[in-house]
Amino acid sequence: MRNSGKYLVVIAGPTAVGKTDIAIQIARKFDTEIISADSRQFYCEMTIGTAKPDAMQLAQVKHHFIGQLSIHDYYNVSIFENQVLELLNSLFQMHDVVIMAGGSGLYIDAVCQGIDDFPDPKPELRKYLKGIYLDEGIVKLQEMLLQLDPEYYAVVDFQNPNRLLRALEVCHTTGRKYSEQRSNHSKMRDFEIVRIGLNLPRPELFNRIGLRVDQMIVNGLVQEVKSLLPFRHLNALNTVGYKEIFEYIDLEITLEQAIEDIKTHTRRYAKRQLTWFNRTNEYTWFEPSQLNEITSYLSIIHK
RNA sequence: GGUGUCGUAGCUCAGUUGGUAGAGCAACGGACUGAAAAUCCGUGUGUCACUGGUUCAAUUCCAGUCGACACCA
């Protein structure tokens, strides 16, 4: 296999494990830049609740895809894939190594393996299908998909409205079956990919999550969420740390309860992330304290 | 001190007219190609407070003990 000499070093792991610091240290060793793959740190209005890198950290290494969007913008994985590839193209002009760090598995995989190219559905179609779901329930969506694409119906998680809605909107938009258009193979990339997973023993990770949530409150999470109250219906704000504070503002729960809920929901999110990263054996795992081990592992790049 | 109610899963509580028990939440596991910090699926983990008694059989009935709460002194 041809070796391009260009490397994308992916640093993935559950939330709060310490990806930011490791990414910065590795980026400095390679004198390169960091691409964030964190689907909530994209939004400029969401800072405290997403634990974005702080000003000091951002000053040490150039970060991309942090706060480049507004919560009012439309965005999706495919756009991310294309934008990152474009950016990598220019970064690899100057660097042999680029770091991509984040916790959004789907977004990371879209960059590493690609995602099929589908036309965007018209907003009216999305609204129409959503309306059917709300009025007639999931069974109606199941019936529609069975009609349009029985092959996908046979394999889809048919209790998951999001999956059904997506398949239906693709069928309607393209006039072809969703299943016919899904490829099973990865896109070729003209750079090498090295995947590093960061993890900690469960109790330690959960402890860090608890401390970080407490810190978010100290840093003013409630204020940040209050300022976003008018936009609570936006998808970007359907996010751990924001939903719970909305409930507190609504006086449905106490602040103490909201904080506990955020911690609980963040722990479950971390578990889901680990499940995603462990789907394949592509990651080599380290603890965040093993910077030296990670560095020596990455020395394979220098050969 | 007396009377009453209660004691069941990590938590809140159902339930068994006597045949060793189940919901929600939590926890744990998983799925996931354009909302992904989203969305969805699966799993019960238990000395039914303790000790005796009645019974073929007690978590269930009876007695006592302990604990919690309420009321009365």
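Below, chains carry the letters A, B, ... as their sequence lines are ordered, and counting in each starts from 1.
Near-neighbour residues of RNA chain B inside residues 131-152 of chain A, defined by a heavy atom below 4.0 Å, are absent. For the contact set between residues 62-90 of chain A and RNA chain B, defined by any heavy atom under 4.0 Å, the members are A/N76, A/V77, A/S78. Within residues 225-242 of chain A, the residues having any heavy atom under 4.0 Å from RNA chain B are, by residue number, A/N235, A/N238, A/T239, A/V240. Residues from residues 108-126 of chain A that place a heavy atom under 4.0 Å from any atom of RNA chain B, listed by number: A/I115, A/D116, A/D117, A/F118, A/D120, A/R126.
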Q: Go through the steps to decide whether A/L85 and A/R189 satisfy the test side-chain contact (heavy atoms from CB on, under 4.5 Å), and finish with yes or no.
A: CA-CA 9 Å; A/L85 290 180; A/R189 298 303 191 206; 3.3 Å; yes
Q: Please test A/N82 against A/E86 for side chain to side chain donor-acceptor pair (under 3.5 Å), starting from the C-alpha separation and ending with a verdict.
A: CA-CA 6 Å; A/N82 291 323; A/E86 196 176 320; over 6 Å; no
Q | Candidate pair A/N76 and A/D120, rule side-chain contact (heavy atoms from CB on, under 4.5 Å), full reasoning | A | CA-CA 10 Å; A/N76 64 46; A/D120 277 334; 3.6 Å; yes
Q) Do A/Q83 and A/F65 pass the side-chain contact (heavy atoms from CB on, under 4.5 Å) test, and can you show the C-alpha distance, the side-chain angles, and the key distance before you say yes or no? A) CA-CA 9 Å; A/Q83 290 180 341; A/F65 293 92; 3.4 Å; yes
Q: Take A/Q113 and A/E282, measure what side-chain contact (heavy atoms from CB on, under 4.5 Å) needs, and give me the verdict at the end.
A: CA-CA 12 Å; A/Q113 283 136 42; A/E282 298 189 31; 3.7 Å; yes
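Using a 4.5 Å heavy-atom cutoff, the side chains of A/L91 and A/H64 are in contact. Proximity of A/E244 to A/V240: side-chain heavy atoms (C-beta onward) are separated by under 4.5 Å at one or more points.
Anti is the glycosidic conformation of B/G30, whose angle departs from 0 by more than 90°.
Stem regions annotated for RNA chain B: B:1-7 with B:66-72, B:10-13 with B:22-25, B:27-31 with B:39-43, B:49-53 with B:61-65, counting only runs of 3 or more consecutive pairs of Watson-Crick or G-U type with both contacts under 3.5 Å.
Going from atom CG of A/L164 over to atom C1' of B/U33 covers 15 Å, rounded to whole Å. The interatomic distance linking A/I253 (CD1) with B/C25 (P) rounds to 16 Å, in whole Å. Between the CD atom of A/E169 and the C1' atom of B/U33 there is a distance of 12 Å, rounded to whole Å. Distance A/R279 CZ to B/A31 P: 7 Å, rounded to the nearest Å. Straight-line distance from the CD atom of A/Q41 to the P atom of B/A36: 14 Å, rounded to whole Å. Remark: P of B/C32 and CZ of A/F158 are 15 Å apart, rounded to the nearest angstrom. Following rounding to the nearest Å, A/Q257 (CD) and B/C25 (P) show an atom-to-atom distance of 14 Å. In this structure, CG of A/L165 is placed 15 Å from C1' of B/A36, rounded to the nearest angstrom.
Looking at A/R212 and A/T266, their side chains never bring a donor and an acceptor atom within 3.5 Å of each other. Donor-acceptor pairing under 3.5 Å is lacking for the side chains of A/D21 and A/Q25. A donor-acceptor contact under 3.5 angstrom links the side chains of A/Q273 and A/Y269, judged on distance only.
Within the structure, a side-chain polar atom (N or O) of A/Y107 is placed less than 4.0 Å from OP1 or OP2 of B/A36. The side chain of A/Y178 contributes an N or O atom lying less than 4.0 Å from OP1 or OP2 of B/G34. Taking side-chain N and O atoms only, A/R163 has no distance below 4.0 Å to OP1 or OP2 of B/U39.
With P as the reference atom, B/C62 and B/G4 are 12 Å apart, rounded to whole Å. Separation of the P atoms belonging to B/G64 and B/U5 is 13 Å when rounded to the nearest angstrom. Straight-line distance between the C1' atoms of B/A26 and B/C13: roughly 14 Å, to the nearest whole Å. B/A38 and B/G67 are spaced 46 Å apart, taking the C1' atom of each and rounding to whole Å. Taking the C1' atom of each, B/U8 and B/U20 are spaced 12 Å apart, rounded to whole Å. Separating the P atom of B/U60 from that of B/U17 is a span of 13 Å, rounded to the nearest Å. A gap of 27 Å separates the P atoms of B/U12 and B/C41, to the nearest Å. Taking atom P in both B/A49 and B/C6, one finds a spacing of 13 Å when rounded to whole Å.
Applying the salt bridge (charged side-chain N to carboxylate O under 4.0 Å, His left out) test to A/E180 and every residue at least two apart in sequence or in another chain returns A/R176. Legend: residues meeting ring-ring contact (aromatic ring centres under 6.0 Å, His included) with A/Y152, ordered by chain and number and at least two apart, are A/Y178. Every residue meeting the salt bridge (charged side-chain N to carboxylate O under 4.0 Å, His left out) condition with A/K187, not counting sequence neighbours, appears here in chain and number order: A/E81. For the ring-ring contact (aromatic ring centres under 6.0 Å, His included) test, residues two or more places apart in sequence or in another chain that qualify with A/Y75 are A/F42. With sequence neighbours left out, the side chain to side chain contact (heavy atoms under 4.5 Å, CB included) criterion links A/D214 to A/I259, A/K263.
Minimum interatomic distance between A/P288 and A/L200 (heavy atoms only, all atoms of both residues): CD-CD2, 3.7 Å.
For the atom pair CD (A/Q223) and CD1 (A/I245), the distance works out to 11.0 Å, reported to the nearest 0.5 Å.
Within the structure, every pair that satisfies the side chain to side chain donor-acceptor pair (under 3.5 Å) test and touches residues 153-175 of chain A, not counting sequence neighbours, is listed here: A/R126-A/E169, A/R166-A/E169, A/T174-A/Q181.
Nucleic acid contact class of A/K187 (heavy atoms, under 4.0 Å, all strands): none.
Both A/N162 and A/R182 lie near RNA chain B, and the one whose nearest nucleotide falls closer to the 5' end is A/R182.
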For nucleotides 26-30 of chain B, which of its nitrogen or oxygen atoms have a protein nitrogen or oxygen under 3.5 Å away, and what is each distance?
| from | atom 1 | to | atom 2 | distance (Å) |
| --- | --- | --- | --- | --- |
| B/A27 | OP1 | A/R267 | NH1 | 3.3 |
| B/G29 | OP1 | A/R202 | NH2 | 3.1 |
| B/G29 | OP2 | A/R202 | NH1 | 3.3 |
| B/G30 | OP2 | A/K271 | NZ | 2.3 |
| B/G30 | OP2 | A/T275 | OG1 | 3.4 |

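Under a hydrophobic-cluster definition in which Ile, Leu, Val, Met, Phe, Trp and Tyr are linked whenever side-chain heavy atoms come within less than 4.5 Å, directly or via other members, A/Y283 and A/I26 are assigned to the same cluster.
With salt bridges taken as basic N to acidic carboxylate O contacts below 4.0 Å, none links A/D149 and A/R182.
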